[in-house]
> 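Just dropping this structure here.
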Amino acid sequence: MSVLKLKNTYSKRLEVFQPLDPHGQRVTMYTCGPTVYNYVHIGNFRSFLFADILRRTLERNGYEVRQVMNITDVGHMTEDHLADAGGEDKLAVAARKLGSDPFKVALHFEQAFAQDARALRLKVYQGGEAGDPALHPRATRHIPEMLHAIQKLLEQGFAYVVDSGEVYFEVGKFPEYGRLSGKVIDELEAGARVGVRDEKRDPRDFALWKVDAKHLMQWDPHSEKGWDPQDWKRYRELLPEGADKRIRAGFPGWHIECSAMSRAHLGHTIDIHTGGEDNIFPHHECEIAQSYGAYRTCVHGPHGAPDEGSQRKTFARYWVHGRFLLVNNRKMSKRDGTFFTVKDLLDPRREGRAELAAELEKLGFAGGRVPASVLRFALIANQYTQPMNFSLESLAAARAGVERIQTRYDRLREAVGDSADTSGVASDRVLELVNRAETEFDDALNDNLNTPNALAAVFKAVGELNSMELGPAEAREALRLMEAFDEVLDVLDRTERSGVVTREQAQAWLDPQTLRAKADLLKHWAEAPDREALWERIEAGQLPAFEELAPVESLDAAMIELFVAIRQNARKARDFKLADAVRDDLKRRGVNLEDTPQGFRWVRA
RNA sequence: GGUGGCGUAGCCAAGUGGUUAGGCAACGGUUUGCAAAACCGUCAUACGCGGGUUCGAAUCCCGCCGCCACCUCCA
């Protein structure tokens, strides 16, 4: 198997990934998460999804990954936001609904985000472990850690307090500032841009602690008032003397949260730090500077020089950044109607975007809704190092792709059947195909997460399997391959969503005796309005008429089989109008029916 | 102005010196009562433009053109 290579923003080179863990087993990963003062959009999710693909690729490589994705809930909500409730701004609307408690507003959007994250199958939000709050740390619950870091920075001479009670990081004290982004900020030019009454010593200096009375979230480092009791207790433990007396009540600067939280939950050194390309500067540049100043982490990683030998350890060893998503080759814009939240696409009508729903319907999306798996596929279908040009048409292509894979998966499941019989041997032809396809898939992902090539391997395998007749043992191997693909892609519906009805099974319903025996299977009889009459008919060995069953809404496998039998009966009588009506009716209830040489196949949409 | 990046067939998107990437769409065929799915075929001797290096260039070099993002809180 190939080795994983990643483009490290720090070195600007493709590097072989090697975890810090001496046993080469555990990997720590920090993903810059969402700011929860609005609903997250698909551009945000492109970034989170590439991190998810990275995490799953690491797992395919046998690593045990601990991925932390923070929640930035120290927002920019001020009194102005609450006062101005007339606009379209969702923050204002939410604030009005939820009252003036900024924590409630943040929680509202955080929960909305978690919902989207689960829908789009971010692994950090799935499974039992996902309930661990340490995996999704909130900035507002790490004020003690941040003040601790700020105090360290002051003590070690990397920061200064100004008259207003704010704290700034002094960039001049850190010569490596700018190395990640490659930005050399010309002091003269920067100086020209600086505000008149700025208290900063150097225009490049950035805020660690801010003071602004208009902000709703406030913490006073010198008084318990307004603090979460647990946080206050932890703060007193971390800083028994309290923070510098000159620091006034306020709130943390943007960058310090990630330095503090990654250290709190992943330790001194993290293997991988991910984010969007806009994070490179200034956010990550500042994190490096702060972590160096506060925790004595060094700047560059082990690439060439092992961390173990160094007294000062690296803050983050691999910096991996995703490019922006564009819509119609521009940055998303509300004005141009090219701004999409995840919720907008999953259910446009619910979000009040009827026009969008209509457009999606035109592209063949039932109800104008985009299935989450399709959105996920669309957002991972090109390599994270390339800008993604998103369009509604790309969603239609994604849907076709997902359906192609899903159809193959469903049929393999049918071919395997439910027999626990694991005897039988797959032919070399199939074994070779499976091994080769899996290698190609992993090789592509290991090559800096080249998802287009990984998908090419998937589609190649699907195409080859489509043109083969597979025995149960072979289908089992092929199914395992599809499941291996899906460990990373995670776009398949793994529920029992399809079934086959043979001609013989359909025929059996026409036999009076069998019909009576099958009556018990029809659990949903109760839904039929005239069930007594129906029952009598069955007892008499007569197949019910299609019209009688039309009101039955929820279908199980037995009910579907009955519909198939009714349709087949009509087909035999060459009553194609009725036959098509039955098929259309099943479709209306979300069941697609297909004819096959052996009989019939049904698939839940 | 500074920095980084992109331009590959109708659309999306790999490939970065030498044998078909792949997907989607469209069209034709096989199959079907009609569909669906699947298969086969076509669109496809594609690589922004102009030079150069080379036996050979989408790939390397030079020069243009067009587009995009970032440059203090937007993933």
Side-chain angles (χ1 to χ4, degrees), chain A residues 9 12 31-35 38 40-51 72 74-76 171 178 181-186 189-190 193-194 200 203-207 210 253-255 257 274-283 285-286 321-326 329-332 377-378 381-391 393-405 407-408 410-411 440 444 447 450-460 462-463 465-468 570-572 574-577 579-580 583-584 587 592-597 600-601 603:
Chain A
T9 309
K12 295 183 175 52
T31 298
C32 269
T35 301
N38 215 326
V40 293
H41 55 70
I42 56 172
N44 297 121
F45 255 93
R46 194 221 173 173
S47 181
F48 304 145
L49 279 168
F50 107 74
T72 297
V74 175
H76 318 298
V171 168
S181 59
K183 288 197 189 303
V184 183
I185 296 171
D186 188 313
E189 198 204 328
R193 273 192 280 146
V194 84
K200 290 193 271 188
R204 298 174 301 169
D205 293 351
F206 57 90
K210 292 179 138 187
W254 176 42
H255 314 298
E257 64 172 57
T274 74
E277 59 176 320
D278 59 324
N279 282 156
I280 299 170
F281 188 87
H283 189 51
E285 200 75 75
C286 296
H321 293 97
R323 299 295 306 270
F324 265 119
L325 173 145
L326 308 171
N329 283 312
R330 304 268 151 167
K331 224 174 152 175
M332 286 196 287
F377 186 96
N382 78 351
Q383 202 173 4
Y384 76 97
T385 49
Q386 299 294 329
M388 170 179 281
N389 190 18
F390 181 88
S391 65
E393 288 72 25
S394 69
L395 283 175
R399 184 196 52 215
V402 170
E403 278 172 8
R404 190 169 160 80
I405 301 168
T407 300
R408 177 46 25 207
D410 290 342
R411 295 193 181 181
E440 282 174 3
D447 179 19
N450 191 328
T451 43
N453 274 345
L455 288 171
V458 171
F459 285 114
K460 192 171 151 197
V462 167
L465 291 167
N466 278 344
S467 58
M468 287 175 165
R571 289 176 82 207
K572 284 203 160 176
R574 303 199 66 80
D575 183 354
F576 295 120
K577 212 180 144 195
D580 289 349
R583 189 170 59 194
D584 291 347
K587 195 182 174 77
N592 290 324
L593 189 64
E594 301 164 16
D595 298 338
T596 70
F600 315 89
R601 168 181 298 113
V603 184

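Order of the sequence lines sets the chain letters (A, B, ...), proteins ahead of strands, with each chain counted from 1.
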> Is A:D595 side chain donor-acceptor paired with the B:C34 base, going by distance under 3.5 Å alone?
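Answer is yes: a donor-acceptor pair is held.
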> Taking the basic N atoms (NZ, or NE/NH1/NH2) and the acidic carboxylate oxygens, is any pair closer than 4.0 Å for A:R571 and A:D595?
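A salt bridge is present here (some side-chain N lies under 4.0 Å from a carboxylate O).
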> Under a 4.0 Å threshold between the charged nitrogen and the carboxylate oxygen, would A:K587 count as salt-bridged to A:D584?
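No, this pair does not count.
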> Output the rounded distance in Å from CG (A:D205) to P (B:U72).
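About 15 Å, once rounded to whole Å.
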> Using a heavy-atom cut-off of 4.0 Å across all strands, would you classify A:S394 as base, sugar-phosphate, or nothing?
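Contact class for A:S394: none.
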> Here's a test of your reading of the structure: between A:D580 and A:A381, which maps to the more 5' nucleotide of RNA chain B?
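Of the two residues, A:A381 wins.
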> So what does A:N382 hit on the nucleic acid, given a heavy-atom distance under 4.0 Å: a base, only sugar-phosphate, or nothing?
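Counting heavy atoms under 4.0 Å across all strands, the contact made by A:N382 is with sugar-phosphate only.
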> Can you find an N or O donor on one side and an acceptor on the other, under 3.5 Å apart, linking the side chain of A:R399 with the base of B:C24?
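Absent.
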> Does the side chain of A:T35 get closer than 4.0 angstrom to OP1 or OP2 of B:A75 through an N or O atom?
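Checking B:A75 against A:T35, a side-chain N or O does come within under 4.0 Å of OP1 or OP2.
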> Look at the side chain of A:A397 and decide which nucleotide, out of B:A14, B:C24, B:U72, has an atom nearest to it.
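Per side-chain heavy atoms of A:A397, the pick is B:C24.
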> Determine whether any donor atom in the side chain of A:R583 lies under 3.5 Å from an acceptor atom in the base of B:A35, or the reverse, and answer yes or no.
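Per atom types, the contact qualifies.
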> Would you classify A:F459 as touching base, sugar-phosphate or nothing, given that sugar-phosphate means primed atoms plus P, OP1 and OP2, and contacts are heavy atoms under 4.0 Å?
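Sugar-phosphate: the residue A:F459, judged by heavy atoms under 4.0 Å, touches backbone atoms but no base.
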> Need one value for A:H321: base, sugar-phosphate or nothing, where a base atom within 4.0 Å counts as base even if backbone is also close, heavy atoms only.
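The answer is nothing, as A:H321 stays clear of every strand by at least 4.0 Å.
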> Looking only at side-chain atoms of A:F576, point me to the closest of B:A13, B:G33, B:A38.
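Given the options B:A13, B:G33, B:A38, the side chain of A:F576 is closest to B:G33.
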> Just to be sure I follow the notation: if a pair is Watson-Crick (purine N1 to pyrimidine N3 plus N6-O4 or O6-N4) or a G-U wobble (N1-O2 and O6-N3), each under 3.5 Å, what dot-bracket string does RNA chain B give, with | for pairs to another strand?
(((((((..(((.....[...))).(((((.......))))).....(((((..]....))))))))))))....
